[in-house]
Amino acid sequence: MLKGGQYRYRDVVASALGWWADAGVDMLADEDVRDWLAPPPAKIPIAPAATPTPPPVVTAAPGTLDALHRLLATGDYAPSPAPPRLRVAPSGDPAADLMIIADMPDPGDAEAGHLFAGETAALFDAMLAAMGLDRSRIYLAPFSPARAAGRLDPKQGEALAALMRRHISLAAPKALILFGDSVAHCLLGADALASRGGIRSVNHDGGMVPAIATFHPRHLRRMPALKAATWTDMRLLLGVLTR
């Protein structure tokens with residue numbers, strides 16, 4: 001209270017609001033006429049949210065290389081598989097001692113129908129020639145049959161790794177070369193840089209196979225200084241292949 005028995009205006013308002021609250025008034029009244037005895041309006045039914053369709057996954061491991069090739073070409077080999085026209089099939093000799101796995105196709109590979117068809121073709125062929133090999137004497141397969149917009153997400157990588165382990169088991173090579181970080185990470189647990197420098201082992205359905213992880217030829221074109229390190233990695237397999 002102020003001098004002379006006057007109250008602060010805000011105290012008066014607070015007292016009035018408190019009184020109305022004690023009286024049970026819990027909303028403001030407006031000037032429109034309202035029928036307080038009318039039944040409440042019917043509630044508009046809300047449609048239940050659509051249940052998302054689970055992504056397609058490989059439900060049964062292919063029993064032959066032919067069945068696996070068909071799955072890679074047209075089937076739902078992993079979550080969000082690419083359209084068949086964008087996929088690149090394995091090439092070379094499936095019975096070869098050396099299997100080379102590249103992370104994914106490069107631009108132009110889908111149109112050509114095989115890996116290393118574009119700017120990396122000459123460099124890749126030169127790398128094979130240095131080992132005394134050519135494309136007809138190796139088995140070349142993409143880890144991801146189609147080119148991804150970025151890095152593979154974990155679910156995609158997990159599904160592709162399971163399929164690739166089956167692929168390796170069916171092809172039964174004596175040794176593997178893994179090109180690219182995605183392949184090394186999904187099959188060895190670390191990227192190519194951390195995995196390189198020695199013979200590793202890849203577990204698959206039929207056991208284990210020696211492997212090296214090294215830089216992809218596309219990186220060697222941008223960073224030629226890495227060629228010497230890559231050649232050192234590839235020489236490690238020569239002893240395995242000649243046993």
Side-chain angles (χ1 to χ4, degrees), residues 55-58 61-62 68 71-72 76-82 86-91 98-107 109-110 115-116 120 123-124 127 138-223 225-237 240:
V57 296
V58 178
L68 187 140
L71 175 63
L72 293 176
D76 293 339
Y77 54 83
S80 304
L86 300 179
R87 305 181 193 183
V88 176
S91 59
L98 177 61
M99 182 176 182
I100 298 179
I101 304 171
D103 54 1
M104 65 183 69
D106 283 330
D109 287 356
L115 294 173
F116 300 113
T120 57
L123 176 56
F124 177 67
M127 294 168 70
I138 65 165
Y139 183 45
L140 179 59
F143 182 73
S144 172
R147 182 169 180 80
R151 295 182 66 89
L152 297 173
D153 64 66
K155 289 185 178 179
Q156 193 88 351
E158 183 179 349
L160 290 172
L163 188 60
M164 181 53 70
R165 293 182 195 280
R166 184 63 172 170
H167 199 160
I168 295 168
S169 177
L170 293 172
K174 290 179 63 176
L176 299 172
I177 293 179
L178 312 180
F179 280 143
D181 286 346
S182 297
V183 186
H185 179 76
C186 292
L187 295 181
L188 297 177
D191 61 25
L193 183 60
S195 300
R196 62 166 300 272
I199 299 288
R200 310 297 176 185
S201 292
V202 172
N203 295 319
H204 59 83
D205 292 350
M208 302 178 71
V209 60
I212 63 162
T214 193
F215 303 108
H216 194 286
R218 78 170 71 93
H219 297 312
L220 301 183
R221 292 188 68 256
R222 295 195 296 262
M223 295 175 283
L226 297 177
K227 290 182 179 179
T230 301
W231 173 237
T232 299
D233 295 337
M234 296 178 71
R235 287 177 59 188
L236 294 172
L237 282 190
V240 175

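- For the residue pair A141 and M99, the shortest heavy atom distance occurs at CB-CE, 4.0 Å.
- Considering CD1 of I212 and CZ of R200, their distance stands at 11.0 Å, rounded to 0.5 Å.
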- Just do the side-chain contact (heavy atoms from CB on, under 4.5 Å) check on L123 and R221 with the steps written out, would you? CA-CA 8 Å; L123 176 56; R221 292 188 68 256; 3.8 Å; yes
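- Between L68 and L163, some side-chain heavy-atom pair lies under the 4.5 Å cut-off.
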- Worked check of side-chain contact (heavy atoms from CB on, under 4.5 Å) between D76 and L71: CA-CA 7 Å; D76 293 339; L71 175 63; 5.8 Å; no
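- Minimum interatomic distance between R196 and A229 (heavy atoms only, all atoms of both residues): NH2-O, 3.3 Å.
- When all heavy atoms are compared, the tightest approach of L176 to L237 is O-CD1, 3.3 Å.
- C186 has its side chain within reach of F143: a pair of non-hydrogen atoms, C-beta onward, lies under 4.5 Å apart.
- L140 places a side-chain heavy atom less than 4.5 Å from the side chain of F124.
- For the atom pair CG of L178 and CG of D233, the computed distance is 11.0 Å after rounding to the nearest 0.5 Å.
- For R166 (side chain) and D205 (main-chain N/O), no donor-acceptor pair under 3.5 Å exists by modelled atom type.
- In this structure, the side chain of Q156 engages the main chain of P79 through a donor-acceptor pair within 3.5 Å.
- Between Y77 and H167, the ring center distance fails the sub-6.0 Å criterion.
- Across all their heavy atoms, L160 and P145 have their closest contact at CD2-CD, 4.1 Å.
- The minimum heavy-atom distance between D103 and S182, with the atom names listed, is CB-CB, 4.2 Å.
- At least one donor-acceptor pair closer than 3.5 Å links the side chain of R87 to the backbone N or O of A82.
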- Task: Before giving the answer on side-chain contact (heavy atoms from CB on, under 4.5 Å), spell out for R147 and L86 the whole-Å C-alpha distance, their side-chain angles and the decisive distance to 0.1 Å.
- Result: CA-CA 8 Å; R147 182 169 180 80; L86 300 179; over 6 Å; no
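- For the pair M164 and I101, the tightest heavy-atom approach, listed with the atom from each and the gap, is SD-CD1, 3.7 Å.
- Aromatic ring centres of H219 and F179 lie farther apart than the 6.0 Å criterion allows.
- With contacts defined as side-chain heavy-atom distances shorter than 4.5 Å, the pair S201/V209 does not qualify.
- Side-chain atoms of V88 and M104, non-hydrogen and from C-beta on, never get closer than 4.5 Å to each other.
- T120 contributes atom OG1, which lies 10.0 Å from atom CG of L220 (distance to the nearest 0.5 angstrom).
- Under the 3.5 Å distance criterion, the side-chain polar atoms of T230 are matched with a main-chain donor or acceptor of L226.
- In the displayed structure, H204 atom NE2 is contacted under 6.0 Å by more than 12 heavy atoms of other residues, nucleotides or ligands.
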- Message: Under the criterion side-chain contact (heavy atoms from CB on, under 4.5 Å), I'd like the reasoning laid out for L188 against V183: C-alpha separation, chi angles, the key distance, then a yes or no.
- Response: CA-CA 8 Å; L188 297 177; V183 186; over 6 Å; no
- Query: Could you walk me through whether H216 and F116 pass the ring pair (Phe, Tyr, Trp, His ring centres under 6.0 Å) check?
  - Reply: CA-CA 11 Å; H216 194 286; F116 300 113; 5.4 Å; yes
